[in-house]
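Below is one structure; the comments refer to it alone.
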Amino acid sequence: MADAVKEKRKVSEELFDSAPPVTIDGTREPIVVVDDLHIIYRVYGAGGKGNAASAFSRVLRREHRPTMKEVHAIRGLSFVAYKGDAIGVIGTNGSGKSTLLKAIAGLLPPESGGVYTAGQPSLLGVNAALMNDLTGERNIVLGCLAMGMSPDEVKAKYDEIVKFAGLKEGFIQLPMRAYSSGMGSRLRFAIAASKSHDVLLIDEALATGDAKFRRKSAKKIDELREEAGAVFLVAHQLDSIKEMCNRVLWIDEGTLVMDGDTDTVVDAYSEATAK
Amino acid sequence: MNGHPSLAEFATGFGLKQSAARPPLGSYIRQLWQRRHFIWAFASAKNIAMYTESRLGQVWQVLTPLLNAAVYYLIFGLLLNTSRGLPHNTFIPFLVTGVFLFTFTQRSVNSGAKSVGDNLSLIRALHFPRATLPLAYTIIELQQLLVSMVVLFLIVLGFGEPLTLNWLLLVPVLLMQLLFNVGISLALARIGAFNRDIQQLLPFLLRTWLYFSGIIYSLSGLMKSSKIHHHPWIGHILEANPAYVYVELSRLSLLGSYRTYVHQKLNEPTMHLWWYGVAWAVVMFLVGFWFFFRAEERYGRG
C-alpha cells in the first residue's frame with residue numbers, strides 16, 4: 001500500500017520536473033501556500049465480479065478489495081498565492097481543478113504534502129446542506145447555519161437573500177423540489193454568496209440562470225472578491241477568467257503545466273487545446 | 001524536494017496554518033458549540049423531510065414504536081408468555097417502556113454509523129466540526145423519542161399507573177441515556193466511516209443486545225425462575241448492561257406497580273443501577289468523543 005503511493009509519487013515527481021519551479025516573491029504577503037500536494041481518492045464499488053463466491057475467496061486469500069480503486073487526482077502541485085490575487089484555474093475535464101479547490105478548502109485530506117492558508121478558505125457552495133423536501137424559507141436558514149452563521153446573522157441576511165434570489169411570489173414557502181432548476185440554482189447561489197470569506201473558492205457552473213441573473217451574480221462575486229483576501233475561480237469560459245483574474249494556473253493530469261499572468265497562460269492554453 | 005524544501009517553512013514563517021489539520025481539542029469544542037443551532041436545525045429538517053412522501057406524515061413517528069410494541073406484545077406477551085410472574089396490567093406498560101427506550105439507543109447506534117458516510121457531499125463542501133453529524137443524528141432520535149414519550153405516558157396512564165412525583169426521575173434517566181447515545185453514536189460514526197461492513201453487521205448485534213437487555217422479559221424474573229439462578233454472576237453481568245440500566249431505571253420511575261413488585265415482592269435493591277447509569281453515560285461520552293475526534297481530519301476522504 002505505502003509502496004504503491006511511493007511508486008505513484010516517483011512517477012509524478014518525474015512529471016513535476018517539467019513543471020515550472022515555484023518562485024517566492026518576498027515582497028508580498030502569502031495567503032495560500034500549496035506544497036507538493038498529493039490527493040488520492042478512494043472509490044468503492046468499482047469493478048469486481050460482484051458475486052459472493054469471488055468475494056469470499058478474496059477474503060480467504062487476504063487480497064485487497066478489487067472494488068476499491070484509487071484515483072490519484074493531484075500529483076505534486078506547488079504554488080504560492082498572495083493577498084489580493086484573483087487566480088483562475090483552467091484545465092480539461094478531470095484534470096483535478098475541483099479537487100484542488102476542495103484541498104485548499106481543507107475538505108479533502110492530502111495524502112502527502114500540504115496546504116497552508118491564512119484564515120479559513122471556503123468553497124462557494126452550500127448545495128449539499130440543502131434539502132429538496134424543505135421549503136425555500138427553511139433551506140435559507142439551514143444553509144446559513146451550515147456556513148457557520150449565528151441565528152441573528154441569519155435573520156439579518158434573510159431578506160437580502162430572498163431579494164437576491166428573486167423568486168416568484170409565494171415560491172419561498174414551497175418545497176425546493178417544486179422549483180425549476182434555474183430557480184433552485186438562483187436560491188443556492190444567493191445563500192452561498194451571503195457570507196464573506198477570508199479565501200473564496202468558486203467552482204464553475206455557478207453562473208447559471210438567465211442573462212439578468214448572470215450579470216447580478218458576476219457583480220456579487222466581484223463584491224465578495226473585494227472583501228476576501230484571495231479568490232480562486234474554476235471556469236471553462238475563458239472569458240470570465242480573463243475578466244476577473246490577474247493570474248492563472250493551468251492544470252493537467254493533476255500537475256501544474258503553467259502558472260503566470262492571465263493573458264500568457266490563457267493564450268498558451270487556447271493554443272494547446274485548439275489542436 | 002524538487003529544489004524548494006523551504007515552501008512549508010516559508011508558509012509557517014508567515015503564520016499560515018495547515019488547512020486540513022485537526023484543531024486543538026479546546027477550539028474544536030468551541031466550534032462545535034457554535035454549531036449548536038445548526039445541529040438542531042439539521043435534525044428538525046431531517047425529521048420533517050423523513051415523512052414528506054408518506055400520506056400519514058409525522059403520524060408515523062408515533063405509529064412506528066406503537067406497532068413495534070404491538071408485535072412484541074403479540075409474540076412475547078401472548079404466544080410465549082414471558083411475563084414471568086409480572087401482573088398482566090404491569091406487563092404491557094413494562095414492555096412498551098422497554099421497547100420505546102431501547103429503540104432510542106438502537107436507532108442512535110444505527111444512524112450514528114451512517115452519519116458520516118451518508119453526508120460525504122456535505123463534508124466535502126463545507127467546513128465544520130464533523131462531530132456535528134453524529135450529534136445531529138442523535139438529536140433526530142431524541143426528537144422522535146420525545147414524541148413517542150407522549151404516547152408512552154398515555155399508555156401507562158391508561159393501564160392505571162398513578163401519576164406521581166417519581167415520574168420526574170425520568171428526566172435524569174433520559175439525560176444519562178442521551179449522553180450515552182451520543183457517545184456510542186460518535187464511536188460508531190468513526191467505525192462506520194472507514195468500514196462500511198459494520199452496517200451489515202449492526203442489525204444482528206443490536207438484536208442480540210435487545211434480547212440480552214431484559215426488554216421483553218423481566219430480568220429479575222428470569223434470574224429467580226430458571227436454572228441460571230445458581231450462577232448469580234450472570235445476573236450481575238446482565239445487570240451492568242447499559243441498555244438494561246436505562247430501561248430499568250425508567251420503568252422504576254414510571255411504573256408504580258412495577259416498583260412495588262421489584263422492591264417488595266422480589267426484595268431487590270435498585271440504587272446501584274443509578275451508579276451504573278452515571279458511569280456508562282460519562283465513560284461512553286468521553287471515550288466516544290475522543291475516539292471520533294482523533295480521526296477528525298480524515299473524514300471525507302472516502
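All values derive from a computational prediction rather than experimental measurement. Residue numbering restarts at 1 for every chain, and letters A, B, ... go by the order of the sequence lines.
If you measure heavy-atom distances from A:I104 to chain B, the contacts under 4.5 Å come from the backbone alone. Proximity to chain B is limited to the backbone of A:I31, based on heavy atoms less than 4.5 angstrom apart. When heavy atoms are compared at a cutoff of 4.5 Å, B:R130 approaches chain A solely by way of its side chain, counted from C-beta outward. With a threshold of 4.5 angstrom between heavy atoms, A:V141 does not approach chain B through any atom at all. Proximity to chain A is limited to the backbone of B:E297, based on heavy atoms less than 4.5 angstrom apart. For a residue to count as touching a neighbouring chain, one of its non-hydrogen atoms must lie under 4.5 Å from one of that chain's; by this rule A:L142 touches chain B with backbone and side chain alike. With a 4.5 angstrom heavy-atom cutoff, A:V154 does not touch chain B via any of its atoms. Looking at A:A105, only its backbone comes within 4.5 Å of chain B, counting heavy atoms on both sides. Residue A:T117 touches chain B through both its backbone and its side chain, counting heavy-atom pairs closer than 4.5 Å.
Between B:L210 and B:V99 there is no side-chain heavy-atom pair separated by less than 4.5 Å. B:Y299 places a side-chain heavy atom less than 4.5 Å from the side chain of B:R190.
Looking at A:L100, A:L101, A:V115, A:T99 one by one, the single match for side chain to side chain contact (heavy atoms under 4.5 Å, CB included) with A:L108 turns out to be A:T99.
Here CZ of B:F128 is found 5.5 Å from CD1 of B:I123. Values are rounded to the nearest 0.5 Å. One finds the OG atom of A:S112 at 11.5 Å from the CD1 atom of A:I74 (value rounded to the nearest 0.5 Å).
Relative to the ring axis of B:W33, B:R36 places its NZ or CZ within 45° and under 6.0 Å from the centre.
Between B:F293 and B:F289, the ring planes lie parallel to each other; the angle is under 30°, not in the 30° to 60° tilted range.
Counting heavy-atom pairs closer than 4.5 Å to chain B, the top-ranked of the candidates A:S150, A:S122, A:A103, A:P151 is A:P151.
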